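In what follows, a structure is listed as structure tokens, so that the remarks can point back to it.
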Protein chains: 2
Amino acid sequence: MIKFCTFNHRLLMSVDIKMLAKNLNLSISTISRALRDSYEISDVTKTRVREMAEKLNYHPNPYASSLRKHKSMTIAVVIPEITNNFFALAINGIEYVAQEKNYHVLIYLTHENIKKEIGFANHLQNGRVDGIMISLSSETNNYDHLIELKSKGVPIVFFDRICESIESSYITTDDYESGFAATEHLISCGCKKIAYLDLSRYLSISNKRMLGYMSALEKHHISIDERLVMRFTNNNAENEELISKMLTGPNRPDGIFASVEKLAIASYNVCERLKIKIPEQLKIISFSNLEISSLLSPSLTTITQPAYEIGKQAALQLFRYLEKKNMMNVHEKIILKSTLIPRGSTRA
Amino acid sequence: MIKFCTFNHRLLMSVDIKMLAKNLNLSISTISRALRDSYEISDVTKTRVREMAEKLNYHPNPYASSLRKHKSMTIAVVIPEITNNFFALAINGIEYVAQEKNYHVLIYLTHENIKKEIGFANHLQNGRVDGIMISLSSETNNYDHLIELKSKGVPIVFFDRICESIESSYITTDDYESGFAATEHLISCGCKKIAYLDLSRYLSISNKRMLGYMSALEKHHISIDERLVMRFTNNNAENEELISKMLTGPNRPDGIFASVEKLAIASYNVCERLKIKIPEQLKIISFSNLEISSLLSPSLTTITQPAYEIGKQAALQLFRYLEKKNMMNVHEKIILKSTLIPRGSTRA
DNA sequence: CTGTTAGCGCGTTCAA
DNA sequence: TTGAACGCGCTAACAG
């Protein structure tokens, strides 16, 4: 009665639709339809089938179904890193929506490496997923891999680190305004020489934040010192070295605006090593989603993005693509607001 | 020359093995073998096939392959939450190994809910993944769903929040010792009344940490006050309420040992609200993987687990199961060491 | 070294 | 309302 087959080098009993059919003296197609709750099947048969399925602990093979339906019930999330509360929160939002829709979530980490991003994009042309959500790597300055992916018909939603030159939906935050507010905050704390720290010269969010920074300086008649606009890599040790040089050099700033949490943390580490007091001697503001109280971080003022909501909105938009055939060319550009959370710096 | 088919409600050109065969005047199976670099195929043919595949931008359909081979090239990671540096780091390690092995990683979040965990476990019987790595939810006090999954032949590796009553590999840390060390650390800081805060009364790691806590108290002749051994839920507001009551009640402790980072943070938040000074009036130690400098958290002493390494080891063990048919009954119990990182509290 | 053939498990025509 | 038969795209057994 029970069929055995070697599966992955081990014995596994496989209950399939055929076995249900045999046990119930019904045809395979009837079973299939009953399980899919088709209108063509009588209620009596349906319940008989369901009961037998339950009894034999039947689980439909997702790959057979995907092959037949050309639908994987799976989405991909491609992000630079996961050890970053922003992305962790975004995944939380994405996963929430995916669970609602009975979808599965594949995770791909580029580690800020464009080659990996290209590799994932190329690979995902094969139908493994029904759509992807992506936040670009800091190295990404060319979008051919994404254009090709899109041309294959794979729906793409960008979030946070978006690509504006591709016509697709995106969810992001008011980076220009936040950059402006962050800089103005430091100015209002008395800073005269404010450094801007960033990971990338390519990302749209980086450039918008920087523009905000520059506008704020201009507004307050502070001249822009190009030497204080700095780019870093994924290498923390190197980054700290650079920051250390900046903080001991002739252009030493009295305020730092870090566009990424990890650069703020690197700055903190350097300050501790150099015995620079924060915020007395140096004020720091940073984009960050660390969920810690001000007691834990008495001197960290942050710009906090609605990360969970961003993930959720991005997923919802992706499902809008997936659920309605005529939505493929209806793109949404959603811009959410970030929040400046003042802490120690203001009290200083 | 190019075949079209409706895919997911949209037009998609599908280049399959058959088309390559036609274009090259070869049989389908030859193509298949050439692409899989089979020894039976001549180098000339192989390169011809590869070039044509490249030219037509051929991507093998993973679901067809999985259906045929009974192998999904996919693993599942089931964890309680992702907004927690421990799990984020663990995923990082897992993903590193998976990328090496050309595997795909599905993420499932239980949100500390046993019903979700059961749902995932039952669902994953269907062959969607070749194996799973799991860290139990704090509610999990029954393992039937996992036993059934294992009986279906799905390899399982437990990490951190393991299940000792199921014969399978696991990776965890020296929780008893860490609990002991954490408590002794507080005692050496002068604490006489130490509270133990935990999420669960079921998890093995919780119990081991608590045993360590109790042993340390005993060793130093401090009697155990059951009212200071507290369990919390996933509801932060409720947790802070409970902590607040504890810190204002007659049994007010002078030290807190939080077995989970979020409980330490809740404690910090409460202290801030109640104007309790840390570490002067209350010392706190916590399991935590926050990657922040001591400047950022001047008063947080932590027990840090080698989270990345745990993820990596867990994945490696899973692949040991997957790669060798005779490894299914060879289980490894790996116990890594955690590190106590003293901060403000010691200086206090 | 290559081709022919037969499924993997399911969904969906078409026919009854 | 149900059944028979075909094929999704690929791999593997068996021939040659």
Side-chain angles (χ1 to χ4, degrees), chain A residues 2-9 12-49 53 56-73 125-128 130, chain B residues 2-9 12-49 53 56-73 125-128 130:
Chain A
I2 292 174
K3 190 174 69 180
F4 284 90
C5 78
T6 57
F7 177 112
N8 216 16
H9 299 299
L12 172 98
M13 58 175 213
S14 97
V15 182
D16 58 5
I17 238 176
K18 208 190 287 177
M19 186 177 300
L20 291 182
K22 201 175 288 177
N23 281 29
L24 290 165
N25 277 324
L26 286 170
S27 81
I28 291 176
S29 53
T30 304
I31 308 291
S32 174
R33 276 180 284 221
L35 291 171
R36 310 208 74 243
D37 201 26
S38 161
Y39 67 97
E40 318 169 269
I41 304 295
S42 71
D43 285 348
V44 198
T45 319
K46 277 183 189 169
T47 43
R48 276 186 68 214
V49 171
L56 297 188
N57 196 15
Y58 166 77
H59 290 274
N61 181 317
Y63 295 125
S65 170
S66 289
L67 178 60
R68 186 57 239 257
K69 295 199 295 184
H70 298 282
K71 200 169 170 212
S72 64
M73 300 299 281
Q125 293 182 24
N126 64 10
R128 187 179 291 277
D130 295 341
Chain B
I2 291 176
K3 191 173 69 178
F4 284 89
C5 78
T6 55
F7 178 111
N8 216 15
H9 300 297
L12 171 96
M13 58 175 212
S14 98
V15 182
D16 60 5
I17 236 176
K18 209 189 285 178
M19 186 177 298
L20 291 181
K22 204 175 285 175
N23 281 28
L24 290 165
N25 276 325
L26 285 170
S27 81
I28 291 178
S29 56
T30 303
I31 307 290
S32 174
R33 278 180 285 222
L35 292 171
R36 309 209 75 242
D37 199 29
S38 162
Y39 66 97
E40 315 169 273
I41 304 294
S42 72
D43 286 347
V44 199
T45 317
K46 277 183 189 170
T47 45
R48 276 185 68 214
V49 171
L56 297 188
N57 196 16
Y58 166 76
H59 290 274
N61 181 316
Y63 295 125
S65 172
S66 288
L67 177 59
R68 187 57 239 249
K69 295 201 294 184
H70 297 283
K71 202 171 168 209
S72 63
M73 299 300 281
Q125 292 182 23
N126 64 10
R128 185 179 293 275
D130 295 340

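The basis for the numbers below is simple: all heavy atoms, side chains too, and nothing from hydrogens, waters or symmetry mates. Within every chain, numbering begins at 1; the chains are lettered A, B, ... in the order of the sequence lines, protein sequences first and strands thereafter. Please read these numbers as outputs of a predicted model, since none were measured by experiment.
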Using a cut-off of strictly less than 4.0 Å, decide whether A:Tyr63 has a side-chain nitrogen or oxygen near OP1 or OP2 of C:dG11.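 For C:dG11, OP1/OP2 do not have a side-chain N/O of A:Tyr63 under 4.0 Å.
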TODO: Look at the side-chain N and O atoms of B:Arg36 and state whether any lies under 4.0 Å from the OP1 or OP2 oxygen of D:dT11.
DONE: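 It does, given that an N or O in the side chain of B:Arg36 lies less than 4.0 Å from OP1 or OP2 of D:dT11.
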Spacing of [X] atom [atom1] relative to [N] atom [atom2], expressed in whole Å:
X: A:Arg68; N: D:dA5; atom1: CZ; atom2: C1'; result: 12 Å
X: B:Met19; N: D:dC10; atom1: CE; atom2: P; result: 10 Å
X: A:Leu35; N: C:dT12; atom1: CG; atom2: P; result: 13 Å
X: B:Arg128; N: C:dC10; atom1: CZ; atom2: P; result: 13 Å
X: A:Leu67; N: D:dC6; atom1: CG; atom2: P; result: 18 Å
X: A:Asp37; N: C:dG11; atom1: CG; atom2: C1'; result: 15 Å
X: B:Ile31; N: C:dC1; atom1: CD1; atom2: P; result: 16 Å
X: A:Met73; N: C:dC10; atom1: CE; atom2: C1'; result: 15 Å

Looking at B:Ile17, B:Val49, B:Ile41, which one forms a side chain to side chain contact (heavy atoms under 4.5 Å, CB included) with B:Ser32?
->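 Option passing the side chain to side chain contact (heavy atoms under 4.5 Å, CB included) with B:Ser32: B:Ile17.
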So what is the end-to-end bend of the helix from C:dC1-D:dG16 to C:dA16-D:dT1, with 5 pairs used at each end and the value given to 10 degrees?
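Comparing the axis at each end, I get an angle of 40°.
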Interatomic distance, A:Asn126 atom CG to B:Ser65 atom OG [nearest 0.5 angstrom] |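 Taking CG in A:Asn126 and OG in B:Ser65, the distance rounds to 10.0 Å.
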Out of curiosity, B:Lys46 NZ to B:Glu40 CD, how far, rounded to the nearest 0.5 Å?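 Those atoms lie 9.5 Å apart.
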Taking the side chain as C-beta and beyond, is there a heavy-atom pair between [X] and [Y] under 4.5 Å?
X: B:Asn61; Y: B:Asp16; answer: no
X: A:Asn57; Y: A:Val15; answer: no
X: B:Thr30; Y: B:Leu24; answer: no

Partners passing salt bridge (Lys or Arg N to Asp or Glu O under 4.0 Å) against A:Arg68 (at least two apart in sequence or in another chain):
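Testing A:Arg68 for salt bridge (Lys or Arg N to Asp or Glu O under 4.0 Å), a comparison that skips the adjacent residues, returns none.
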Ignoring hydrogens and angles, tell me if any N or O in the side chain of B:Asp130 forms a donor-acceptor pair with the backbone of B:Lys71 under 3.5 Å.
->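 Checked: no pair found.
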task = Verify, without hydrogens or angle tests, whether A:Ser72 (side chain) and A:Ser66 (backbone) share a donor-acceptor contact under 3.5 angstrom.
result =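 It does not hold such a pair.
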Filtered N/O pairs between nucleotides 2-4 of chain C and protein, under 3.5 Å:
| residue | atom | partner | partner atom | Å |
| --- | --- | --- | --- | --- |
| C:dT2 | OP1 | B:Thr45 | OG1 | 2.9 |
| C:dT2 | OP2 | B:Ser42 | N | 3.2 |
| C:dT2 | OP2 | B:Ser42 | OG | 3.4 |
| C:dT2 | OP2 | B:Thr45 | OG1 | 3.0 |
| C:dG3 | OP2 | B:Ser27 | N | 2.8 |
| C:dG3 | OP2 | B:Ser27 | OG | 3.3 |
| C:dG3 | OP2 | B:Thr30 | OG1 | 2.6 |
| C:dG3 | N7 | B:Ser29 | OG | 3.3 |
| C:dG3 | N7 | B:Arg33 | NH2 | 2.8 |
| C:dG3 | O6 | B:Arg33 | NH1 | 3.0 |
| C:dG3 | O6 | B:Arg33 | NH2 | 2.9 |
| C:dT4 | O4 | B:Ser29 | OG | 3.2 |

Self-check item: Closest listed nucleotide, where the reference is the side chain of A:Lys18 and the choices are C:dG11, C:dC8, D:dG9
Solution: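 Nearest to the side-chain atoms of A:Lys18, counting from C-beta on, is C:dC8.
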